[in-house]
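Here the structure comes first, spelled out in structure tokens, and everything after it is commentary.
Note that ligands are numbered from 1 as they come in the structure, with each ligand's atoms numbered from 1 the same way. If you're wondering where the values come from, they're calculated on a predicted model, not measured in any experiment.
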Amino acid sequence: MAQYSRVRGSVALLRLTNPPVNALSAAVSRDLERAVRSACADSAVRVLVLRGHGGTFCGGADIRELAGLVDVPFRVGVSSLVALVDAVEAAEKPVVAAIEGVALGGGLELALGCHFRIAHGQARLGLPEVTLGLLPAAGGTQRLPRLVGFPAALELVATGRDVSAEEALALGLVDHVTDGDVEEAAVEFARRVADEPLASRRLSTRPPPRPADLDTLLQVALERAQRRARGALAPVACVQAVRAAATLPFTQGLQLEQELMAALLPSNQARAMQYCFFAQRIVGKWSLPGGANWRNSPARAVSRAAVIGLGTMGRGIAVSLVRAGIPVVAMETDEKQLRVVTAMLEREAAKQRRSPDSYLQLVQFTLERRDLGDADLVVEAVFEDLALKKRLFAELSSSCRPDTLLCSNTSALDVDALAAATRRPELVVGMHFFAPAHVMKLLEVVCGARSSPVAVATAMQLGKRLGKVSVAVANCPGFAGNRMLKPYVEQASFLLEEGATPQQVDAVLEDFGFAMGVFRMSDLSGLDVGWRVREEAGLAGPTVPPGESARRRHGCRYSPLADLLCEHGRLGQKTGRGWYLYEGPGGRAATPDPWLHDFLDQYRRRHGLRPRRIDQQEVLERCLYALANEGFRILEEGVAAGPEDIDTIYVLGYGWPAHRGGPMYHVAAVGLPAVLSRLEHFRRLHPDVPQLRPSALLRHLVAEGSPPISRWRELLKGLRSQL
Ligand SMILES: CC(C)(COP(=O)(O)OP(=O)(O)OC[C@H]1O[C@@H](n2cnc3c(N)ncnc32)[C@H](O)[C@@H]1OP(=O)(O)O)[C@@H](O)C(=O)NCCC(=O)NCCSC(=O)/C=C/CCCCCCCCCCCCC(=O)O
């Protein structure tokens, strides 16, 4: 796990070995501490270099141990890392960290214990504990501000953002960056510093910097943390711990850090966030009903891609591809869009501290379909219109290379219908990106009935290369994410009919932790998006059969409220009015609109609906349980492979708070029998709302004694799978 060997006579090279990411389990930490002590005791050694095995320094403390997923005595487990970092810092011989790959969490804390840090140019460094519901409790919150100052330390600890080697150098987090062999550079560096005094290099003994505006900095960081993740405990604890570095001596700061950690470690929020971490790893391990899976189906290389349509989605997709170093041919007729993409690429290049040309030279704009002929993969991102997309796919099928993958960025349309329009249905998949596509981390890969393993593998792999988490789902209207959204939005509209207001519903959902409630979200994305879909589905507009009652469709309850707002030209932020009122078209600040309240009153009167007082619990239960109930249906139909897939989609794509784990995790945490009983209750009250009828899978799980969510995936293998 950790050995040392002597190189160049007096340098002890310690290699941390715990594949795949050299996680610091209790045993590994103890082993490394022993190796450090032995090297220090070796009179032939003057200086130590610490590196990780297999191209990565260290991915942090072992999350399985922290999550209690593996059996290790708790106190021994967590304190061995603290002891290791302390031992490294206290060493009487210089210790140089040679960082390549990643130094994250406990891995970076270990590096902060070292006296010097050398990083490879491609390395990434950060303290992502907050994303696991924790804080860096191996001294990270106390040492980091002493090294890089409070503004940077607060930001890095409270957001968990990782930084490039170049940024780390600018912050003073590392002493040197090399693009060559990091071990060689570190050994060379070590020999130069072998005789340097170490006192000033021990961060625990450094006085913390005291910026004059420290109180403001802390306050701003706290408010930002609370705003970013409403109700989340860890970001607040992170700020409190860093504050201690300014106000307390090191050892007391360390003690507070550990007390805060002791409160976070067993919390439900930490459990939920660690579940999210592993869920995101599980979803990459896809399989198809024929037996093809992520292990036995290699992805095809994508060395050139094409994007058709540079509207909001196409632009983001093109930028993502370029950022990943993939040359792109972009087809668009509207010159204005080309200018927008160019500006986006320039901004991205600046953010990555690269020359604009390094990105711009990877894009070729074209009006000619023949220029796409050479692409390994085409992503179509034109207007969401099935007939238009089918025509385009038929044309692409004739004009592209026979082995080119044809992907549609659709959020709901039938991927099998697109495949059927081509002569290569096996090379057609859906790639549902989320807006803005260069920012959002989720990609739903929609496997059609005839999509081949290589097509699925290539789309999944491309998503990963773009820095996204790819989730494979089967083809059905709305796929997994948007399909579940429908009953959620419907419940919210029914609640308005029954007496609630948009701000009341949104406040409950935002208190639960959603970044935005359902109505504010709808105003942001535009009410006309859903209106168009409902018109196509015959639920709204001229296609509704004559004589159909305003509040019923196909024999079930229907709320026309959103359609009526659209008919009044209230499309959301873009028109300055929707469920809320805005400063003007494009405005962002939502205020309650008296017009809307009158409109709701009149609507209720017209339909004989007597408004009643609706409490928070009802809002939450009806919206969230209807959504999760559809998730169970998706699982029983085999549209998604497990609850982890659905939860990943909701956390990364729909603003579900990570500290609540995802909709399936949430209902499992509430207790399946309780959820079933509430759904049965609501179903009795609203017999004309099929979405409130508990799904067969939910009933089955309750009948089976409500097995833990970690077992559902295995149980689902016995059911029908479309994946
Ligand atoms: C970037 C990565 C590292 C690699 O990414 P990639 O190459 O894409 O590979 P992945 O598919 O993501 O991962 C490959 C497999 O490795 C597993 N993995 C990854 N990281 C870890 C890890 N840290 N631990 C365990 N396993 C890990 C992953 O699951 C994959 O395996 P599988 O496919 O699932 O089987 C990327 O993986 C990544 O980002 N990793 C996470 C990085 C991270 O978040 N690190 C932080 C970890 S938490 C930490 O470090 C905490 C430190 C503080 C500890 C403090 C201890 C002292 C506390 C004292 C408190 C006192 C309490 C007293 C109590 C009392 O008194 O009672």
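- In this structure, the side chains of R201 and F116 come closer than 4.5 Å at one or more pairs of heavy atoms.
- Nearest-heavy-atom check against atom 1 (C) of ligand 1 across L104, L24, L84 picks out L104.
- At least one heavy atom of K285 sits under 4.0 Å from some atom of ligand 1.
- Residue contacts with ligand 1 leave out E65, since none of its heavy atoms falls under 4.0 Å from the ligand.
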message: Would F277 and I63 count as a side-chain contact (heavy atoms from CB on, under 4.5 Å) here? Give the steps.
response: CA-CA 9 Å; F277 173 83; I63 303 169; 3.7 Å; yes
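- No salt bridge links R711 with E714; every basic N to acidic carboxylate O contact stays at or beyond 4.0 Å.
- In summary, R51 and E100 engage in a salt bridge, as defined by a charged side-chain N under 4.0 Å from a carboxylate O.
- Residue contacts with ligand 1, taken as heavy atom pairs separated by less than 4.0 Å, involve A23 solely via side-chain atoms from C-beta onward.
- Residue contacts with ligand 1: P136 is excluded, as none of its non-hydrogen atoms falls under 4.0 Å.
- If you look at V21 next to ligand 1, the close heavy atoms, those under 4.0 Å, all belong to the side chain.
- Close approach of ligand 1 to G105 is summarised as follows: ligand atoms under 4.0 Å from at least one heavy atom of the residue are 46 (C), 50 (O).
- Atoms of ligand 1 found under 4.0 Å from any heavy atom of G60 (numbered from 1 in listed order, with element): 50 (O).
- Atoms of ligand 1 found under 4.0 Å from any heavy atom of R64 (numbered from 1 in listed order, with element): 32 (P), 34 (O), 35 (O).
- Cation-pi geometry between R271 and Y275 is not met: the NZ or CZ atom fails to fall both under 6.0 Å from the ring centre and inside 45° of the normal.
- We find that R354 and E166 are not joined by a salt bridge, their nearest charged nitrogen and carboxylate oxygen being 4.0 Å or further apart.
- Residues M664 and Y650 have side chains not in contact (no heavy-atom distance under 4.5 Å, counting atoms from C-beta outward).
- Taking any N or O of R281, backbone or side chain, at least one lies under 3.5 Å from an N or O belonging to ligand 1.
- Within the 4.0 Å heavy-atom criterion, the part of L132 lying near ligand 1 is the side chain and not the backbone.
- W712 is listed as a side-chain neighbour of F632, based on a closest heavy-atom distance under 4.5 Å.
- For ligand 1 and V82, the ligand atoms under 4.0 Å from any heavy atom of the residue are 57 (C).
- Every atom of ligand 1 with a heavy atom of P128 under 4.0 Å away is listed here by number and element: 43 (C), 44 (O), 45 (N).
- Listed by number with element, the atoms of ligand 1 under 4.0 angstrom from any heavy atom of L66 are 48 (S), 51 (C).
- With atom 63 (C) of ligand 1 as the reference point, the heavy atom nearest to it among A279, A262, A103 is part of A262.
- Any N or O atom pair closer than 3.5 Å counts here, and L265 shares no such pair with ligand 1.
- Look at K464 and you'll find a heavy atom under 4.0 Å from some atom of ligand 1.
- Note: an N/O pair closer than 3.5 Å links G106 and ligand 1 by distance alone.
- Ring-plane geometry between Y654 and F434 is classed as perpendicular, the angle between the planes exceeding 60 degrees on a 0 to 90 degree scale with a lower cut at 30.
- Set against the non-hydrogen atoms of L81, the atoms of ligand 1 under 4.0 Å away are 54 (C).
- Not a single N or O atom of A137, backbone or side chain, sits closer than 3.5 Å to an N or O atom of ligand 1.
- Residues V148 and G172 come closest through the heavy atom pair CG1-C, 4.3 Å.
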query: D376 and S303: side-chain contact (heavy atoms from CB on, under 4.5 Å), yes or no, with the steps?
result: CA-CA 7 Å; D376 300 307; S303 36; 3.1 Å; yes
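- Listed by atom number, the atoms of ligand 1 under 4.0 Å from E109 heavy atoms are 52 (C), 53 (C).
- Contact check on E348 versus K351 returns a salt bridge, with a Lys/Arg side-chain nitrogen under 4.0 Å from an Asp/Glu carboxylate oxygen.
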field: Derivation of the side-chain contact (heavy atoms from CB on, under 4.5 Å) call for L652 and Q280
entry: CA-CA 10 Å; L652 297 184; Q280 287 170 26; 3.8 Å; yes
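- Residue I63 has at least one N or O atom closer than 3.5 Å to an N or O atom of ligand 1.
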